[in-house]
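Report on the following structure.
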Amino acid sequence: MSWTRRQVTAAGAAAGLSALSPVAWRAQGASPGGASMVADLILTNARFTTLDRGNPNPQAVAIADGKFLAVGAEQDVRAHAGPATRIIDLKRRRVIPGLIDSHMHIIRGGLNYNMEMRWDGVRSLATALRMLKEQVARTPPPQWVRVVGGFTEHQFAEKRLPTLDEINAIAPDTPVFILQLYDRALLNAAALRVVGYDKNTPNPPGGEITRDRNGNPTGLLLARPNASILYSTLAKGPKLPPEYQRNSTRHFMREVNRLGVTGVIDAGGGFQNYPEDYRIIEELHAAGELTVRLAYNLFTQKPKEELADFKSWGGQVKPGQGDDLYRHNGAGEMLVYSAADFENFSDARPEMPPSMEADLEPVVRLLAENRWPWRLHATYDPTISRALDVFEKVNKDVPLSKLHWFFDHCETISDRNIDRVAALGGGIAIQHRMAFQGENFVQRYGARAAERTPPIQRMLKAGLAVGAGTDATRVASYNPWVSLSWLVTGKTLGGLTLYPAQNRLDREQALRLWTHANTWFSTELGKKGQIKVGQLADLAVLSEDYFNIPEDEIQDITSVLTLLGGKVVHADGEFRDLSPALPPPAPDWSPVKYYGGYQARGVAQTQTRALLVSSGGACAVHRHAHCRSSSVPASDSNAFWGALGCSCWAF
């Protein structure tokens, strides 16, 4: 087929993209690997951060067949253009590789996302309580209103949690469940009635139902020392039907895409059974609707039956089984229940039971013999020491090198144990839990101990594989920029400086831990994590320049254009017309419909109101579909505008 200059110009204009010069279509034919040399997409006029030390600052990028085809000088990249090539001018924005979260519970989180109201990012308790009141009014029986993790009282201006009296006054009849980290849950009287807790309900092992002087539950549940009581109580609530779970998972993936995330290693989770609770994500994969690359670990669900779980799963799935979008990644983060030292810095460190080693060894031996990588939750150094005793014993018979096993968390790991991990070829995945709990840690252990909690620079100097993640959605927020801010500034969300300069990272170091460093943990080194020829074309175009904005503003960054395999999975701002369609959140009372996800800070109500009015009714700040929905209560100015000027708030 021959093309005239006019046809090419018209084709480019129809796509809302740059017209192509005839000189730009010279490169036809095939690459040595057989793939087309003609680009599907070319990106120009940006500040590219490739994290490829051999090619750090190119002028343009070409993408073909889901991978980076050319990264370099604009003239050379444009030589890969053809008649159907899209060319996007990125208007000098910063571009980074797509972010990869090495520890998130996105599969479980996706099933529940549309049911949960998020206080992630909310900066005042007054705003949080106003959101709660609005959501109670729209939630039909027998549904609950749930705030499930991702926030800390230290982020609130009031520096406190809501009281049970405040919650009961807002919601006398609708069950309310509020989970704060691994520490506690607040239930109103209606929720206590629904779950059946009364003066005759005994405390479960590892948890406490607080009571008044007459022995009646107050509504405060405490993890002492583990979160089982919190999770088992939450599990008593209604679930979404499968069609809504699909919708919910798609919305959660779009939300993390909005923050620049293109990859997640899912760490399993309590009440996340395999294969039952993986059906929704597998249906989305089969339908081509995944917008995040997922590598999933299998988390044992049955105390004292852990070995049987892993023997059974070993016959069903193998590490690496799957494709570049959805693949199995091994075992954990729970291997055996007797080795799980749930961190709760508001309470004393738990002692692992004497049976820990005897329980852990046969599971680790089975995994090593079958070449299954594993991850193990371990917060405290004494737990890590005992686990390493087991790993070293197994290593004498079955070498662990090149197995890509690792610890999660390791806030208080010692130098000696860092070196032991390195000697066994292991890694450490860190999370930003101290950004949420640093004040609690300092209160219990002191500021000096907090200065190296976790000792990231020491891990790196030991030559360990170190990657970063969130542990979202319950113990911390899924927002990667909160983590990046914590890594760079050493500060909590409450503003407390935890770390001296020698235990902080510079901006490029921090970004590396959120991109190609994390590919070690999914055994995908060289496949993604950089903007480099031959790697998967995952990237994010940022709302602000990560490398040049003030440190305090890092946590506010979002993505205005996110690509997965060269395809747009999220677009906002000047690129919003490229945004792929997404059905409205379901059910129609979903908090996501009204508030979105992570709550942006620092946008004045008057400014946002002016933007909405000037746009003719649609929200000009973020243009989410639910902002334009006729069901948004625009006639009620208090309900619609909210504290930040828009009832969606998901900037």
Side-chain angles (χ1 to χ4, degrees), residues 43-61 71-74 77 88-101 121 123 256-262 432 435 456-457 460 468 470 477 479-493 495 497-518 529-532 538-563 570-576 598 600-604 607 621-622 651:
L43 306 175
T44 67
N45 192 26
R47 297 179 175 93
F48 292 97
T49 297
T50 65
L51 298 181
D52 174 7
R53 290 189 172 97
N55 186 18
N57 300 301
Q59 296 176 328
V61 167
V71 180
E74 182 168 348
V77 170
I88 303 180
D89 182 332
L90 295 180
K91 306 182 189 305
R92 301 302 299 158
R93 289 195 177 273
R94 177 68 62 181
V95 181
I96 62 170
L99 299 175
I100 302 167
D101 192 328
R123 299 310 169 116
V256 299
N257 294 154
R258 185 182 70 86
L259 297 167
V261 174
T262 58
H432 64 317
I456 303 170
Q457 289 287 13
L460 292 170
T470 60
S477 174
N479 189 336
W481 298 102
V482 176
S483 170
L484 284 155
S485 174
W486 165 74
L487 290 167
V488 170
T489 68
K491 292 182 179 180
T492 69
L493 273 174
T497 298
L498 295 171
Y499 311 130
Q502 60 266 29
N503 201 35
R504 301 177 205 164
L505 304 184
D506 65 39
R507 298 190 196 203
E508 182 174 316
Q509 280 182 308
L511 186 60
R512 287 184 183 278
L513 295 196
W514 263 96
T515 50
H516 71 88
N518 274 339
Q530 297 168 289
I531 300 176
K532 186 174 183 179
D538 305 339
L539 59 79
V541 182
L542 303 183
S543 61
E544 303 293 340
D545 189 340
Y546 166 67
F547 286 98
N548 290 306
I549 60 172
E551 285 186 346
D552 183 60
E553 296 178 17
I554 292 173
Q555 62 185 290
D556 301 319
I557 292 174
T558 61
S559 173
V560 295
L561 184 67
T562 306
L563 303 185
H570 161 76
D572 206 348
E574 63 266 49
F575 305 107
R576 67 175 63 94
Y598 192 88
R601 62 173 183 157
V603 179
Q607 175 188 3
V621 177
H622 35 83
F651 305 142

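Reckoned from all heavy atoms, side chains included, excluding hydrogens, waters and symmetry mates.
You'll find the side chain of Q555 reaches within 4.5 Å of the side chain of L493, heavy atoms only. Contact check for W514 versus I96: no side-chain heavy atoms found under the 4.5 Å cut-off. Considering only heavy atoms from C-beta on, D556 stays 4.5 Å or farther from W481 through its side chain. You'll find the side chain of I557 reaches within 4.5 Å of the side chain of I549, heavy atoms only. With contacts defined as side-chain heavy-atom distances shorter than 4.5 Å, the pair E551/R504 does not qualify. Using a 4.5 Å cut-off on side-chain heavy atoms (C-beta onward), V482 and Y598 make contact. With contacts defined as side-chain heavy-atom distances shorter than 4.5 Å, the pair P58/T50 qualifies. Considering only heavy atoms from C-beta on, T515 comes within 4.5 Å of L99 through its side chain.
Between L51 and R512, the shortest heavy-atom contact is O-NH1, 3.2 Å. The two residues V71 and I531 make their nearest non-hydrogen contact at CG1-O, 4.0 Å. When all heavy atoms of T49 and F547 are compared, the pair lying nearest together is OG1-CE1, 3.4 Å. Between A46 and R92, the closest heavy-atom pair is O-NH1, 3.4 Å. Closest non-hydrogen pair, R94 versus Y546, comes out as CG-N, 4.5 Å. Between L542 and R93, the shortest heavy-atom contact is O-NH1, 3.2 Å.
Taking the six-membered ring where the residue is Trp, H432 and W486 present tilted rings, their angle falling between 30° and 60°.
In summary, of the residues considered (D538, L43, V95), a side chain to side chain contact (heavy atoms under 4.5 Å, CB included) with L563 occurs for L43 alone.
Rounded to the nearest 0.5 Å, atoms CG (L259) and OG (S477) are 8.0 Å apart.
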Start with the C-alpha distance between L505 and E508, add both sets of side-chain angles, then the distance that settles side chain to side chain contact (heavy atoms under 4.5 Å, CB included), and finish with yes or no.
CA-CA 8 Å; L505 304 184; E508 182 174 316; over 6 Å; no

Check step by step if side chain to side chain contact (heavy atoms under 4.5 Å, CB included) holds for N548 and R507.
CA-CA 10 Å; N548 290 306; R507 298 190 196 203; 6.0 Å; no

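Counted by atom type alone, N257 and T562 present zero donor-acceptor pairs between their side chains at under 3.5 Å.
Checked against salt bridge (charged side-chain N to carboxylate O under 4.0 Å, His left out), R47 has no partners two or more places apart in sequence or in another chain.
The closest donor-acceptor contact from the side chain of E553 to the backbone of P550 lies at 3.5 Å or more, if one exists at all.
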